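Counting convention: from 1, in listed order, for ligands and their atoms alike. Since this is a predicted model, take the numbers as computed values, not measurements.
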Amino acid sequence: MSVIEPQTITLRDGATLSLRSPEESDAQALIDRLDRVRRESTGISFGPDDELPTLAWEQDWIRQRRRDGGVQVLAVAEDGELAGMCGVGVGSRVRMRHRGVVGISLTANWCGRGLGQRLMQELIAWAQAEPTLEVLSLCVNSDNPRAIHVYEKAGFEREGECRWGTKRDGQYIGELHMSRWVGSTPVQPSVSAPPTGARS
Ligand SMILES: CC(C)(COP(=O)(O)OP(=O)(O)OC[C@H]1O[C@@H](n2cnc3c(N)ncnc32)[C@H](O)[C@@H]1OP(=O)(O)O)[C@@H](O)C(=O)NCCC(=O)NCCS
């Protein structure tokens, strides 16, 4: 089971939130939260014109996430508001199990208060304790400087950019690929050595 031990955190402004993994009973609140975040922020790929998941789909998604190799974390305010959600998705294929893909989004009233950085620390600590995980990767719109700053501060490095990553209101927005090593060996592997005998 891929769930975190529930804990309480305090932000620098004194606000306290509980961190826990989502349960099936959170499904409708998660759909409502997604609907809110997609209207408040252009930082996520899910837009106002996309179809929201059904309750059954969301419940199934939560069930699967609690079983698979990744983790999902909810940040819940004292009044029960879902302030944020983040997670690491890990593929089931053997060739992809070394890599976790990070996602994070907060509702606008919780942005800029240190919660994003606190959640990134949580995901990194979780990933570092997973014996098979070696790297965390993510994609971020190049016009999202706050998110890029948070990722760089958490140790993520820029790897490259897909120039036509997102199309928003007729404009193309670059999609920046970033990654951070979380494996137990400090040595990073060399990237794609050419096959033996290959001509340059
Ligand atoms: C991106 C996101 C997760 C960051 O979390 P957050 O709680 O708002 O961020 P924090 O308050 O922890 O930290 C913000 C940092 O960015 C800095 N920052 C804010 N605006 C910035 C800007 N325009 N350019 C550069 N840095 C900026 C802040 O100064 C702070 O850094 P510091 O602690 O070194 O001073 C959150 O804003 C969010 O969910 N946004 C909407 C959805 C989204 O964009 N998700 C990311 C998808 S890839």
When R66, R20, R33 are each screened for salt bridge (Lys or Arg N to Asp or Glu O under 4.0 Å) with D26, the one that passes is R20
Under 4.0 Å between heavy atoms, the region of I148 that gets near ligand 1 turns out to be neither
Does the protein put any heavy atom within less than 4.0 Å of atom 46 (C) of ligand 1?
yes
A147 heavy atoms within 4.0 Å reach ligand 1 at atoms 1 (C)
For atom 9 (O) of ligand 1, the closest protein heavy atom turns out to be V150 CG2, 3.7 Å
Q) Would you say the side-chain atoms of S21 and R65 include a donor-acceptor pair closer than 3.5 Å? A) no
Check your understanding: Hey, is the main chain of G47 close enough, under 3.5 Å, to the side chain of D50 for a donor-acceptor pair?
Key -> yes
| C139 N/O to ligand 1 N/O under 3.5 Å | no
Out of G114, C86, G84, the nearest non-hydrogen contact to atom 11 (O) of ligand 1 is supplied by G114
Discussion item. Does D13, at its CG atom, have more than 12 non-hydrogen atoms belonging to other residues, nucleotides or ligands within less than 6.0 Å?
Written reply: yes
Check your understanding: Do you see a donor-acceptor pair shorter than 3.5 Å between the side chains of E78 and T16?
Key -> yes
Does R118 use its side chain to pair, donor to acceptor, with the backbone of I9 at less than 3.5 Å?
no
Near R113 (heavy-atom distance under 4.0 Å), the atoms of ligand 1 are 11 (O)
Counting heavy atoms under 4.0 Å, the part of S41 that contacts ligand 1 is side chain
re atom 27 (C) of ligand 1, the protein heavy-atom contact at minimum distance is R146 CA, 3.9 Å
Atom 17 (C) of ligand 1 sits nearest the protein heavy atom H149 CD2, 3.5 Å
**Request:** For ligand 1, find out whether one of its N or O atoms is nearer than 3.5 Å to an N or O atom of Y151.
**Result:** no
Residue, atom and distance of the protein heavy atom nearest atom 24 (N) of ligand 1 read P145 CB, 3.4 Å
Got an N/O contact under 3.5 Å between G116 and ligand 1?
yes
Heavy-atom proximity to atom 39 (O) of ligand 1 ranks first, among L106, L176, V37, for L106
for atom 13 (O) of ligand 1, nearest protein heavy atom and its distance come out as Q117 NE2, 2.8 Å
In this structure, atom 44 (O) of ligand 1 is nearest to the protein heavy atom N144 ND2, 2.8 Å
message = Check this for me - ligand 1, G112, N or O atoms closer than 3.5 angstrom, yes or no?
response = yes
Filtering E175, K153, R38 for the heavy atom nearest atom 32 (P) of ligand 1 leaves K153
* Asked: Side-chain contact, heavy-atom cut-off 4.5 Å: M178 with V102?
  -> no
Ligand 1 to L115, heavy atom cutoff 4.0 Å, flagged ligand atoms 7 (O), 12 (O)
the protein heavy atom lying closest to atom 36 (C) of ligand 1 turns out to be C111 SG, 3.7 Å
*Can you find a protein heavy atom under 4.0 Å from atom 29 (O) of ligand 1?*
no
